[in-house]
Amino acid sequence: MNAQADLAGHFDLTRSHLRAVAHRMLGSADEADDAVQETWLRAARAGTDGVANVPGWLTTIVGRVCLDMLRARGRRDEQLVEGERFDQVSVHDGDPADAAVLADSVGLALLVVLDTLSPAERVAFVLHDLFAVPFGEIAQIVARSPATAKKLASRARQRVHGTPVLPAADHARQRRLVAAFLAAARAGDLDALLAVLDPDVLHRSDVPGSGGERRGARPVAQGTLTDSGGARFADLVLVDGRPGIGVLRGGRLFLVLRVTTDGERITEIDIVSDPARLAALDLALDLALALDPESGPAPDGGVAAP
């Protein structure tokens, strides 16, 4: 009885940490709550006999629970990465403290990009880079060696930290235009949307029922304001190396806005929601945006796909 009471005490003290880990892993507050509840059930069944570090043990359990949940989603098959491919990946650990600051600064953008990783990559990256969990403990969760767990995190880090394909000045101009589009849509400001859209802008969408194409600044702007219900779940990301927008639904990647500009206005917006097309996109964080948050949208908002 005392052992169960002690475990309950440890669990209460660790609950907020466990939920934070699960939320980053799963991208969904509801699923994070489910993961924390399952962690308690597993911990209560196992008991703490022989456990020297109960908070660390609970973190390991929630990691296993989240890995199971990610695999059960059936969104992608986890693929074992061959040794020769691992050899091409840097195993530089990075600074977990810096990574945590970066995660706070980009918020939803990180969750968008994390959803493109395999379950094992996501678990290794989140636990190590965001929560400083040692690779020895991560290895137990993903059932790999510590060296392989380290390489999984490194591979994920390289995919998360994207490289812009445009020259710096052009990249900054496109990012400002996309950020202005986000801000105007979030504010419901038709005039501000018209200001960033080319008069002959082309809007394409593969979302069922979207109508396919719109052309012209006013129809595109009005459509953006009509369909902006998911504003809290979108953020700036790199899409194939260029500033664009990623949108979540239920904590998972729902669609992406590929944006084309002429340097002064947005000339094309391509909405991608088809799973096969989404999987073909290279999504990453815009690290320049994290270092210069004033060039992007306010941290408490975003915009849904037009």
Side-chain angles (χ1 to χ4, degrees), residues 21-28 31-32 34-35 38 59-94 96 99 102-103 106 108-163 237-241 246-256 272-285:
V21 171
H23 195 192
R24 285 301 187 196
M25 292 272 205
L26 302 170
S28 164
E31 287 188 327
D34 291 343
E38 177 62 21
T59 300
T60 298
I61 295 175
V62 80
R64 288 172 177 158
V65 170
C66 289
L67 181 60
D68 290 344
M69 293 174 71
L70 288 169
R71 287 172 171 166
R73 283 178 176 178
R75 298 208 38 182
R76 65 183 66 84
D77 292 331
E78 184 182 20
Q79 297 180 350
L80 294 175
V81 182
E82 296 176 357
E84 58 266 28
R85 294 188 63 190
F86 271 142
D87 291 341
Q88 298 172 9
V89 177
S90 168
V91 294
H92 174 62
D93 285 349
L102 176 62
V106 297
L108 286 171
L110 179 61
L111 294 180
V112 168
V113 176
L114 287 178
D115 204 47
T116 68
L117 304 177
S118 75
E121 288 171 342
R122 184 165 180 163
V123 167
F125 176 81
V126 169
L127 287 179
H128 181 265
D129 284 44
L130 304 188
F131 295 97
V133 175
F135 284 117
E137 296 178 21
I138 296 171
Q140 297 177 34
I141 296 170
V142 298
R144 311 283 178 87
S145 69
T148 300
K150 186 174 185 178
K151 291 172 182 177
L152 280 170
S154 180
R155 184 169 182 260
R157 191 179 307 117
Q158 289 196 348
R159 293 180 62 188
V160 168
H161 296 178
T163 301
V237 294
L238 288 182
V239 183
D240 293 332
V247 183
L248 296 171
R249 173 176 287 182
R252 304 179 194 179
L253 181 61
F254 175 53
L255 54 81
V256 165
V272 179
S273 68
D274 177 75
R277 294 184 66 204
L278 285 175
L281 297 176
D282 180 11
L283 303 183
L285 295 183

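Since this is a predicted model, take the numbers as computed values, not measurements.
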Side chain proximity check, [X] to [Y], heavy atoms < 4.5 angstrom:
X      : Y      : result
Val65  : Asp68  : no
Leu283 : Val239 : yes
Arg24  : Leu111 : yes

Measure from the side-chain N and O atoms of Asp240 to the backbone N and O of Leu281, and report whether any donor-acceptor pair falls under 3.5 Å.
->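 No, the answer is negative, given that no donor and acceptor are paired below the 3.5 Å cut-off.
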
Decide side chain to side chain contact (heavy atoms under 4.5 Å, CB included) for Gln140 and Arg64; before the verdict, give the C-alpha distance in whole Å, the side-chain angles of both, and the deciding distance to 0.1 Å.
-> CA-CA 9 Å; Gln140 297 177 34; Arg64 288 172 177 158; 3.9 Å; yes

Any idea how Phe135 and His128 line up, ring-wise: parallel (<30°), tilted (30 to 60°), or perpendicular (>60°)?
->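 Geometry flag for His128 against Phe135: parallel rings.
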
Shortest non-hydrogen contact from Ala149 to Val142?
->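 That closest heavy-atom pairing would be CB-CG2, 4.5 Å.
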
Phe125 vs Arg159, side chain to side chain contact (heavy atoms under 4.5 Å, CB included): CA-CA, chis, key distance, verdict | CA-CA 11 Å; Phe125 176 81; Arg159 293 180 62 188; over 6 Å; no

Value rounded to 0.5 Å, distance of [atom1] in [X] from [atom2] in [Y]:
X      : Y      : atom1 : atom2 : result
Arg157 : Leu285 : CZ    : CG    : 12.5 Å
Ile61  : Cys66  : CD1   : SG    : 12.0 Å
Leu130 : Leu110 : CG    : CG    : 6.0 Å

Positive for side-chain contact (heavy atoms from CB on, under 4.5 Å) with Arg122, one of Asp115, Leu152, Val160, Leu127 =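 Among Asp115, Leu152, Val160, Leu127, the one meeting side-chain contact (heavy atoms from CB on, under 4.5 Å) with Arg122 is Asp115.
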
Is it true that atom CZ of Arg277 has more than 12 heavy atoms of other residues, nucleotides or ligands lying nearer than 6.0 Å?
->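 Count over threshold, so yes.
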
Between Leu26 and Arg73, is a side chain to side chain contact (heavy atoms under 4.5 Å, CB included) present by the stated rule, with each step listed?
-> CA-CA 10 Å; Leu26 302 170; Arg73 283 178 176 178; 3.8 Å; yes

